[in-house]
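All values derive from a computational prediction rather than experimental measurement. No hydrogens, no waters, no symmetry mates; every other heavy atom, side chains included, goes into these values. We count ligands from 1, going down the list as the structure has it; atoms in each ligand are counted the same way.
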Amino acid sequence: MATETPLDVKSTLNLTKTDFPQKANLGQREPERLERWRETDLYHDILRARAGLPVFILHDGPPYANSDIHIGTAVNKILKDFVVKSHSMMGYCAPYVPGYDCHGLPIELHVDKKLGAKKAEMDPVEFRRFCRDYAENALRRQTRDFQRLGVFGEWDHPYMTMSHAYEAHIARIFGKFVERGYIYKGARPVYWCITDQTALADHEVEYKDHTSPSIYVKFPLPPGQVQELKNRITSWESKEGATAPDLASVGSKPVYVLIWTTTPWTLPANIGITVHPNFTYAAVDFGSEVYIVASDLVGAVRENCGLNSPRILVEFPGHLLEGLRARHAWLDRDSLLMTGTFVTLGGEADAETELDVRDEQRKGTGKSGTGCVHTAPGHGHDDFVIGQQYRTQLQPIYDQLRRAGMMPATSEATDVYCPVSNAGRFTDDVERFSGMKVFQANRPIVDYMRETGALLFTEDYTHRYPHCWRCKNPVIFRATAQWFISMDAKGTGTRSLRQGALEETDATTWVPSWGRERMRNMLAKRPDWCVSRQRLWGVPIPAFYCRGCKQILLTPDLINHVASIFETDSADAWYSRPASDLVPEGFACPGCGGRDFEKETDILDVWFDAGSSSIAALEHEYQLPWPADVYLEGGDQYRGWFNSSLMVGLAVHGKAPFKTVVTHGWTVDGEGRAMHKSTGNAVSPNKVMESSGAEILRLWVASSDFNDDMRVSDEILKRQIDAYRKLRNTARFALGNIFDFDPATDAVPESEMLEIDRWALAVTRQVVAKAVEAYKRFDYTAVYHALYNYATVTLSAIYFDILKDRLYTFAPASTARRSAQTALYRIGEVLALLLSPILPFTSDEIWEHLPGERERSVHIATFPDGTPGSGDASLIKRWDRILEVRSLVQKALEEKRAAREIGGSLEAKVIINTDGKLYRFLREYQDILPSILIVSQVELRGEGDDVTGSEAPRSGGDETAEGKRYAIRIAVEHAAGLKCERCWNWSETVGRDSRYPTLDSRCIQQIEEGWGAGKVVG
Ligand SMILES: [Zn+2]
Ligand SMILES: [Zn+2]
Ligand SMILES: [Zn+2]
């Protein structure tokens, strides 16, 4: 009914409506949602929903419970949460049991400092109680912060390596190693921190640059020994048919075996020199003296020591030197010549710089050595091994040392001469240098050798040297009596731990794949695992010593008995009870029948504690499947937790405790530098969470390639805030346009939906498949890019842009609008589901704002199905073509707008001139082209037509993504007719209906259908 009452146009538009806020206010809202999750026990609800489904276990490597979380620990936990949440969304039952590493030196040192002098009056149990309290406090704070990150898990019951049950398991697992014959006690050189006065495992040292004196030292070869060498050379020559013209002159001048070292302080412990049996050595006349060095290094020695031109007197293989006795450079003692294949030509196998460093020297610095290696079994791994090999020949030297009281008279321990105390000082029997700290002794030793003429050359030398991971001071290699896990003993089994570990490493999936090689290299070279520590805060090594016959009592039965005491009373029992209360009733020494026992005082390496977690926590405490599906830690854990866990898995079950190992890089600042509190470039996760929200940190983690170092700075986080806003707005658009949509009654079957809506769903399925596939590969960067691109380009820039007109102006219940809403509804769901592992707060918020019946939290739901529909491929192909034309048109419109010939794109009429094939294709879409191109009118012209003369043909379309398959020319002119007051489209129908003079025919039709004439017109 036409009346004079003016039309209220606004009331006939479907304006967006949602209480999903535009401003996320994450810093404040996240804690509220966390509280709701906690109150409603969401974590266990998720597990209940997955009951009976296949189980997926990410086993948590326990962070050390001694400080607040930093950006690195936050990244680690967030990545783990991505793994757990995404697998839960894939339909696995994925419980997450977080853990804490509670024993160990850092806590002990901290408590030491706090207690000061009071510690002296304290008994071990009381001291351990302080340590326990300290760990408990730290882990409580960490738990709070990890939860704040949005990480789901058993936060009320994390596993703790200091729990009574866990301590008992550590002891039992040690018993397993004993049972398998892998444990031995021996005097062996180990890394030793002279500051902390404890042994260190090789994964507890860090390599840093360190300057040492590089020295060339002369060990005299006495005339009798020179003669012996000449004899050997002569008989070898007659066998080989070679001749050495200058053999006679060897010996007419003093002859020295020349060694090179960077640790002068190890020289007092020298008992031999090792040469390679197969290398060629030369006696070289350098003027007044003759030196024996490897032939290949003659030039290097001359150059390094600034010597005159050398004259090679004779060359011979290294094995001819074996068994000869040189003299110590200054001490009244022999130095035995031995042969070993560890000798290289790239520099001395420095007594202290084991493993990685030796390789580096081989490749890098090189040419520093002499091929004659100073050997001190008390101060080097290779030295120790070769010392054992030559025990018999070394006996006279050891006897001399024993007579002088420099080595224990009893031969109870292995024969190793190591004149350095726990504090790193020379023992009293070291002539001239007794009582000196070893590093400070370097200089006096060098000076003394210069005085006595033993020194040939010295200079400062910077090399990579092991430092203590805790106190950061350089460590030494020192032989002490320690407990070891043998890497090469087969024990009761068929393969050694090393063999087993290498085989299991091959059978494990490594992400990134180079992890396998890195693990293999580490395992191939690692020495026996020194598991004893001279400390208090840990699990004691449950060994007894018989006071009667001195033998070690260490059997699985005894250990299991002790473990059952730990189970009820904690490992404190070891300190609070006498030995007689720790052994089974009536127990007597099997050797002598004695009943008087002493307790071992060493504790176990904390890495043994952490390595026990798959058995103690996963298998026993939580009774979850073993092995775990995934271990995920930083790259420093190859030598650390991956390694110790693997050893425990092999000892207990003969298998690796993991199927897949994922490693991530370090966090560095925006310029790629390490972050330090002192440099002021550290990003505090707690501060970011407070100001911007945990979601921003999580989004940053997802956007960063964790295979590499991950850069973070305020600037980088700002970009993520921006990205988050875009994602949020995309979701908000979908929610804002389905406020009047009930999926139960309003959804349009997909087959009846408009083609563009079906296209949107086809693309959505494609994104689902891509994202879920990437989640499976742990490739969160790919997930991030897929979803970000989907949200900002496919949806916001294209689909939503096109939909606006239909959503706002069409009759509310029209099929066209319901079709769009059906698509938006599904898109909203998909966004929430796919984002849920990365943005757990926001996805849950989206989920709550979606209409219809659904699980109470997105985290209880599962990922949508990404299987393509039967027509998806062709649909996507057709629309790729249309969208290509759209982007060409947009370019043309942009130029017109820039030239101020049109305002908004709705003022435009677009003329598309193209050849037959594309023309026929576009004709099918003639009716909807204006809405797709967001212009008021579109005119299609086929082959042979021409674009109006006044308009310059647009040639931008000649180049298409598909090459020059078709030609297209686009012209833009002002749209004909008048602007419709309601939809702002220009139309020649505006003004034709006297009832609605300001509207176009399309709007009039929609108003009548949707609102009824009476309602709006008074
Ligand atoms: Zn230290
Ligand atoms: Zn006994
Ligand atoms: Zn209109």
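Take the Zn ion (ligand 1) as the corner point: the lines to SG of C468 and to SG of C193 open at 120°, to the nearest 10 degrees. The angle C983:SG - the Zn ion (ligand 3) - C1003:SG amounts to 120°, with values rounded to 10 degrees. The SG atom of C589, the Zn ion (ligand 2) and the SG atom of C549 define an angle of 110° (nearest 10 degrees). For C980 atom SG and D1000 atom OD1, the angle they make at the Zn ion (ligand 3) is roughly 90°, to 10 degrees.
If you look at D196 and ask which of its N, O or S atoms sits nearest the Zn ion (ligand 1), the answer is OD2.
Ring-centre distance between Y191 and F477: below the 6.0 Å cut-off. Annotation: Y575 is not in aromatic contact with F127 [ring centroid separation under 6.0 Å not met]. Aromatic ring centres of W607 and F642 lie farther apart than the 6.0 Å criterion allows.
None of the N, O or S atoms belonging to E981 lies under 2.8 Å away from the Zn ion (ligand 3).
Remark: of the listed residues E204, E108, H103, E204 is the sole one forming a side-chain hydrogen bond (donor to acceptor under 3.5 Å, both in side chains) with R533.
In this structure, the side chains of E600 and I552 stay at 4.5 Å or more apart for every pair of heavy atoms.
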